[in-house]
Amino acid sequence: MPPIACKTWIPLPSGRSEHVSLGNRVTGTIFGYRKGHVYFSVQMDPKAEPILLLELATPTNSLVKEMASGLVRIALECERRQNRGKLFMEPVWTMYCNGRKAGYAIRRACSEIDIQVLTLVQVISMGAGVLPKTDEEGPDGELMYMRAKFERVVGSKDSEAFYMMNPDGTGGPELSIFLLRI
């Protein structure tokens, strides 16, 4: 990807992201190279630094096929530890997609490429597509993305859910992501 000036990016002070209070509506972005892994980003608003960035075990093209067939439920589970902190700070999650174990998800720090992708799509409130090819195209093909508002529901300090909201308010969510500490 070409370098992009991030003049409108609002970085959080170092180490503060674990203390930020999210509202009940957040911006969620799912992106990844067609043949690569999927990344899920949660932001307070489209111009803010991600509060959570997870690399999911599912290849992007597999998730696209699952979503084309209907509802998608992703459950991310981690084990309860003695000194547990914030749920978003958990480093490794076991991933289930529509009830089938799909490997692991890993919490990551935001890289320069992640920042560039999120900067490119920050003006999009809701939608999906493929970012234009560049001379420096990734090794795994085209970069696909889906961006939407998600309703955030906190069940307890050990469980949260993100439900993708339909813009017209009809029907249920097509995508739900659950974070569970068991």
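The chain is numbered in sequence order, starting from 1.
If you take CG on D114 and OG1 on T119, they are separated by 10.5 Å, rounding to the nearest 0.5 Å. Going from atom CE of M95 over to atom CD1 of I177 covers 8.0 Å, rounded to the nearest 0.5 Å. How far CG of L118 is from OG of S41: 4.5 Å, rounded to the nearest 0.5 Å. The line from CG of L175 to CD of E66 is 11.0 Å long, rounded to the nearest 0.5 Å. How far CG of L56 is from OH of Y39: 9.5 Å, rounded to the nearest 0.5 Å. Atom CG of residue L76 and atom OH of residue Y96 lie 10.5 Å apart, to the nearest 0.5 angstrom.
Of the possible donor and acceptor atoms, one in the side chain of R181 sits under 3.5 Å from a partner among the backbone N and O of K157. The main-chain N or O of K47 is never found under 3.5 Å from a side-chain atom of Q122 such that the two would form a donor-acceptor pair. Between the side chain of R107 and the backbone N or O of F88 there is at least one donor-acceptor pair closer than 3.5 Å.
In this structure, the side chains of L179 and F162 come closer than 4.5 Å at one or more pairs of heavy atoms. Residues I74 and L63 are in side-chain contact: their nearest non-hydrogen atoms beyond the backbone lie under 4.5 Å apart.
In plain terms, the two heavy atoms of L120 and V123 that are nearest each other are O-CG2, 4.4 Å. Nearest heavy atom pair, residue E90 against residue C78, reads CG-SG, 3.5 Å. Of all the heavy atoms in A109 and L53, the pair that sits closest is O-CD2, 3.9 Å.
The environment of CD in E55 is crowded: more than 12 heavy-atom neighbours from other residues, nucleotides or ligands sit within 6.0 Å.
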What's the verdict on side chain to side chain contact (heavy atoms under 4.5 Å, CB included) for T27 and K149, showing C-alpha distance, side-chain angles and the deciding distance?
-> CA-CA 5 Å; T27 299; K149 290 288 185 189; 3.2 Å; yes

Verdict with supporting geometry, R34 and V64, side chain to side chain contact (heavy atoms under 4.5 Å, CB included) = CA-CA 9 Å; R34 191 177 297 271; V64 169; over 6 Å; no

Pair Y145-I124, side chain to side chain contact (heavy atoms under 4.5 Å, CB included): steps then yes or no | CA-CA 11 Å; Y145 72 90; I124 300 168; 3.2 Å; yes

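Cluster membership check: V38 shares its hydrophobic cluster with I51, using side-chain heavy-atom separations under 4.5 Å among Ile, Leu, Val, Met, Phe, Trp and Tyr. Taking hydrophobic clusters as Ile, Leu, Val, Met, Phe, Trp and Tyr residues chained together by side-chain heavy-atom distances below 4.5 Å, V153 does not share a cluster with V72.
A donor and an acceptor atom, one from each side chain of K35 and T60, are nowhere located under 3.5 Å apart.
The residues R152 and E160 are annotated as salt-bridged, a charged nitrogen and a carboxylate oxygen being separated by less than 4.0 angstrom.
If you run side chain to side chain contact (heavy atoms under 4.5 Å, CB included) between I30 and each of M146, R147, M164, only M146 comes through. A ring pair (Phe, Tyr, Trp, His ring centres under 6.0 Å) with F40 is found for one member of F31, F178, F150 and no other, namely F150.
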